[in-house]
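Reading through the structure tokens given below for one structure.
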Amino acid sequence: MTNSDSSSGGLELLFANQKKYALTIPSKDESGAPSNVAFLVRYLCDNVMKDPRKDLFVLDDTVYDDEDLRLAMALSMQQSPPVAPTNKAIVDLTSDNESEDDDADLKRAIALSMQDIPQSAKCIEPTSAPAAHVQLSSNTATPMAQLTQAVPKSMPNTKQTSPTSNKFVLNRKAMEAERLARLEERKRKRSPSADQPSKQLLKAPTPAAVNKSTSSQSQSDPVPQYPRGAIKRTFATKFRRTDDITIDELLQASMVNIAVISSFQWDAEWLSRKLSHTKVKQHWIMNARDAETQARWRRDLAECGIPNLRIHFPSMNAAVGNAHSKYMLLVSEKKLRVVVSTANMEMEYWGEVRNDWQPGVLENSVFVIDLPRRVDVVVGSVEDLTPFGKELVHFLEAQQLDPLIVKGVLKFDFSQTGHLAFVHSISGSPSDTVSHPTGLPGLAKAVQDLQLDQVGSIELDYAASSLGAIDETLLQRIYFAAQGLPFTAPKAVDLQERFRIYYPTEDTIKNSLGGPDCAGVISLRKTHYSSPSFPAECLRDYISTRKGMISHNKLLFARGRHMNGKPFAWVYVGSANISESAWGAQKVLKSGKMGKLTMRNWECGVIVPVPNEKLEAVDLGEGGVPRMSVFEGTIEVPFQYPGDPYKGRMPWLQSF
């Protein structure tokens with residue numbers, strides 16, 4: 001294979017100031033694979049470059065900067081650079097904020113390109129990595145092309161922008177200086193001192209092995225492990241294992257045949273190491289608002305030829321909507337495992353790390369239930385399902401998933417889900433709000449179905465990782481929905497002592513294991529907090545019971561007593577933060593009736609009540625509600641309660 005290679009912007013210094021070479025290189029590399037840029041660089045180092053400074057091209061005998069090299073070559077040849085995949089090793093922890101003002105991406109007008117770029121070319125902005133983690137757009141994911149490329153872990157971030165015909169001037173000398181500076185920074189990071197830093201980075205050279213599963217379950221798909229459902233904490237590296245679960249224990253990759261996975265953010269390469277595409281048929285439900293991003297994903301998938309993988313994008317408002325739901329349907333020979341979590345499909349959300357000394361930094365929660373196949377081996381009827389099953393199927397149909405997925409779900413037995421409720425938010429303006437209410441009306445209907453209504457007194461404790469433009473009206477709506485009541489001109493309720501919001505203070509984030517650099521997923525905008533209507537008096541500091549961890553949980557705890565004096569308690573675990581984007585916007589009309597419900601996000605969660613036998617032993621006292629300890633055995637409460645009021649301290653804020 002003949003190749004003409006040229007260097008500029010400083011690279012020619014490594015090649016005796018000769019800018020252009022005509023080379024004949026083998027069509028295949030040492031392993032027999034087709035030659036690629038990585039092989040070309042090795043060939044140049046071994047056969048052309050006389051300069052001893054090999055580490056400007058290669059570090060530790062590994063080509064680590066493929067995109068930079070291709071970009072430099074393309075610039076020197078006056079060509080449009082090839083579209084570079086988003087770094088598969090970089091985790092997007094800059095924003096999991098799905099609130100109503102989350103259009104910050106639209107404000108970032110990135111315009112770097114070469115002169116005379118064809119209109120069909122995409123421009124790539126070379127950026128240097130910040131001190132701790134690289135920031136990506138909140139609604140981007142790892143492109144499919146990376147699943148078939150051996151891209152090293154310590155690459156710089158690349159951002160993809162829309163095609164443009166505008167012309168911009170690129171300072172090549174500055175770009176080369178920036179590249180060399182990044183090289184020195186990576187070399188420094190690869191040689192940590194013996195005294196490890198107290199604030200560890202999410203990004204690290206190589207992944208560390210996760211602790212082996214402590215489960216005694218065999219790999220032959222035995223009796224369902226969670227027949228009536230359970231809530232688990234996510235595993236955290238370096239922390240003592242309690243009532244937690246690893247991503248490997250959850251997926252059971254050795255026995256699963258089909259996996260339907262929904263997430264807001266993705267690390268495609270990491271997930272593909274967990275679930276083999278050659279063994280497991282996979283359907284990914286992804287967040288992509290605009291048609292161009294969706295087309296890019298589909299194009300990458302088609303070009304890579306990855307087997308057994310289909311991607312789907314739920315319909316939503318292209319300007320403000322988000323596919324924020326986080327769930328899995330894992331089908332094996334004898335069971336369907338239904339998972340609803342607060343975690344995205346990236347390793348840090350599941351407590352994994354990229355080295356052997358760093359502890360986990362993020363914690364989440366997971367609901368999991370195993371449903372056996374129907375004994376009659378037929379496709380069941382939706383009408384025969386429990387309310388949990390009916391709402392799950394309705395949600396899947398509303399997302400317009402492949403009908404075969406829904407048909408497959410109906411092959412399993414939902415009889416053990418009668419004590420549970422599936423709560424969803426369907427993006428847009430849902431039409432069937434009577435039989436299948438969504439958002440806060442759906443929460444109220446779920447409370448009624450579980451006979452958790454008829455409330456005499458109730459207290460709410462809501463842990464969230466993102467707070468939108470909330471005010472007392474939204475909290476009142478949540479408070480009434482948690483009682484199974486509609487929000488139609490209710491009596492005003494003093495929420496200060498009845499509704500506690502657990503969200504970390506600035507000091508808690510600064511003192512966490514990951515520090516501020518790992519807190520991009522925690523979101524409260526300064527403009528929202530500064531609003532006179534913001535209910536700051538309800539805030540409590542979220543301090544994890546695993547010291548130093550940052551919470552990405554969305555947990556709503558309800559404790560109270562019925563009008564007949566009997567106690568009750570339940571917990572919601574799911575994707576919904578505290579915002580109208582998550583729960584829906586709806587106003588009371590002058591007539592006293594509720595106006596039209598509008599939903600921005602796709603969300604889902606599960607309500608799990610505390611068993612009656614546990615409640616029978618509760619001593620309420622006169623007019624009291626159960627203590628938080630009532631949840632022992634149902635969920636391991638991950639934060640310290642009742643939680644310290646802020647008392648003048650500031651919450652963790654995003655400045656935009």
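All figures in this text were calculated on a predicted structure; none of them were measured in a lab. Side chains are part of it too, since the values below use all heavy atoms of this structure and drop only hydrogens, waters and symmetry mates.
Counting only N and O atoms by type, the side chains of E363 and S551 include no donor and acceptor under 3.5 Å apart. Between S262 and K326, the side chains place no donor N or O within less than 3.5 Å of an acceptor N or O (distance only, hydrogens not considered).
Of the possible polar contacts, one joining the N364 side chain to the Y349 backbone as a donor-acceptor pair under 3.5 Å is found. In terms of modelled atom types and a separation under 3.5 Å, the side chain of R337 and the main chain of L250 share a donor-acceptor contact. Counting only distance, with no hydrogens or angles, the side chain of Q483 and the backbone of Y479 share a donor-acceptor pair below 3.5 Å. Between the N601 side chain and the H324 main chain, no donor and acceptor come within less than 3.5 Å of each other. The backbone N or O of G484 sits less than 3.5 Å from a side-chain atom of Q448, completing a donor-acceptor pair. Side chain of Q476 to main chain of V493: a donor-acceptor pair is present (N/O by atom type, distance under 3.5 Å, no hydrogens or angles). Using modelled atom types, no side-chain atom of S341 and backbone atom of S365 make a donor-acceptor pair closer than 3.5 Å. Judged purely by atom type and a 3.5 angstrom limit, S579 uses its side chain to pair as donor or acceptor with the backbone of A582. Side-chain atoms of D244 never come within 3.5 Å of backbone atoms of F235 as a donor-acceptor pair (strictly under, hydrogens ignored).
To the nearest 0.5 Å, atom OG1 of residue T234 and atom CD of residue E348 are 12.0 Å apart. Between N355 atom CG and T237 atom OG1 the span is 9.0 Å, to the nearest 0.5 Å. For the atom pair CD1 of I509 and CE of M650, the computed distance is 13.5 Å after rounding to the nearest 0.5 Å. Here the CD1-CD distance, from I470 to E580, works out to 10.5 Å after rounding to the nearest 0.5 Å. Within the model, atoms CG of L420 and CG of L392 stand 11.5 Å from one another, a figure rounded to the nearest 0.5 Å.
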Check: Can you check side-chain hydrogen bond (donor to acceptor under 3.5 Å, both in side chains) on E391 and H424, steps first, answer last?
Finding: CA-CA 8 Å; E391 294 306 324; H424 50 67; 2.7 Å; yes

Next item on the list: Any chance you could lay out the side-chain hydrogen bond (donor to acceptor under 3.5 Å, both in side chains) test for R233 and T545, step after step, and finish with the verdict?
Entry: CA-CA 11 Å; R233 302 179 77 166; T545 56; 3.0 Å; yes

Note to self: Between E603 and S325, is the side-chain hydrogen bond (donor to acceptor under 3.5 Å, both in side chains) condition met? List the steps.
What the structure shows: CA-CA 4 Å; E603 310 276 4; S325 56; over 6 Å; no

Next item on the list: Decide salt bridge (Lys or Arg N to Asp or Glu O under 4.0 Å) for R559 and D461; before the verdict, give the C-alpha distance in whole Å, the side-chain angles of both, and the deciding distance to 0.1 Å.
Entry: CA-CA 9 Å; R559 299 168 291 131; D461 295 83; 3.0 Å; yes

Check: Can E459 and R500 be said to form a salt bridge (Lys or Arg N to Asp or Glu O under 4.0 Å), step by step?
Finding: CA-CA 8 Å; E459 293 189 13; R500 289 168 286 276; 2.7 Å; yes

Note to self: Between I635 and L555, is the side-chain contact (heavy atoms from CB on, under 4.5 Å) condition met? List the steps.
What the structure shows: CA-CA 10 Å; I635 179 175; L555 299 168; 4.1 Å; yes

Item checked: Test side-chain hydrogen bond (donor to acceptor under 3.5 Å, both in side chains) applied to K554 and S465, step by step -> CA-CA 7 Å; K554 303 102 170 66; S465 61; 2.5 Å; yes

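Looking at R540 and D644, no side-chain N of the basic residue comes within less than 4.0 Å of a carboxylate O on the acidic one, giving no salt bridge. For the pair K445 and D449, the salt-bridge criterion is met [side-chain N within less than 4.0 Å of a carboxylate O]. Between E346 and K274, no side-chain nitrogen of the basic residue sits less than 4.0 Å from a carboxylate oxygen of the acidic one, so the salt-bridge criterion is not met. Using a cut-off of 4.0 Å between Lys/Arg side-chain N and Asp/Glu carboxylate O, K510 and D507 are scored as not salt-bridged.
A search for ring pair (Phe, Tyr, Trp, His ring centres under 6.0 Å) contacts involving H562 returns F568, not counting sequence neighbours. Take E472 and apply the salt bridge (charged side-chain N to carboxylate O under 4.0 Å, His left out) test, not counting sequence neighbours, and it matches no residue.
Of the candidates Y462, W583, F367, W583 is the only one forming a ring pair (Phe, Tyr, Trp, His ring centres under 6.0 Å) with Y572. When each of Y542, F557, F639, Y646 is checked for a ring pair (Phe, Tyr, Trp, His ring centres under 6.0 Å) with Y502, only F639 meets the rule.
Enclosure of atom NZ in K614 by more than 12 non-hydrogen atoms of other residues, nucleotides or ligands within 6.0 angstrom is indicated. Heavy-atom contacts from other residues, nucleotides or ligands closer than 6.0 Å to CD of Q451 number 12 or fewer.
Side-chain contact check for V630 versus R627: every heavy-atom pair is 4.5 Å or farther apart.
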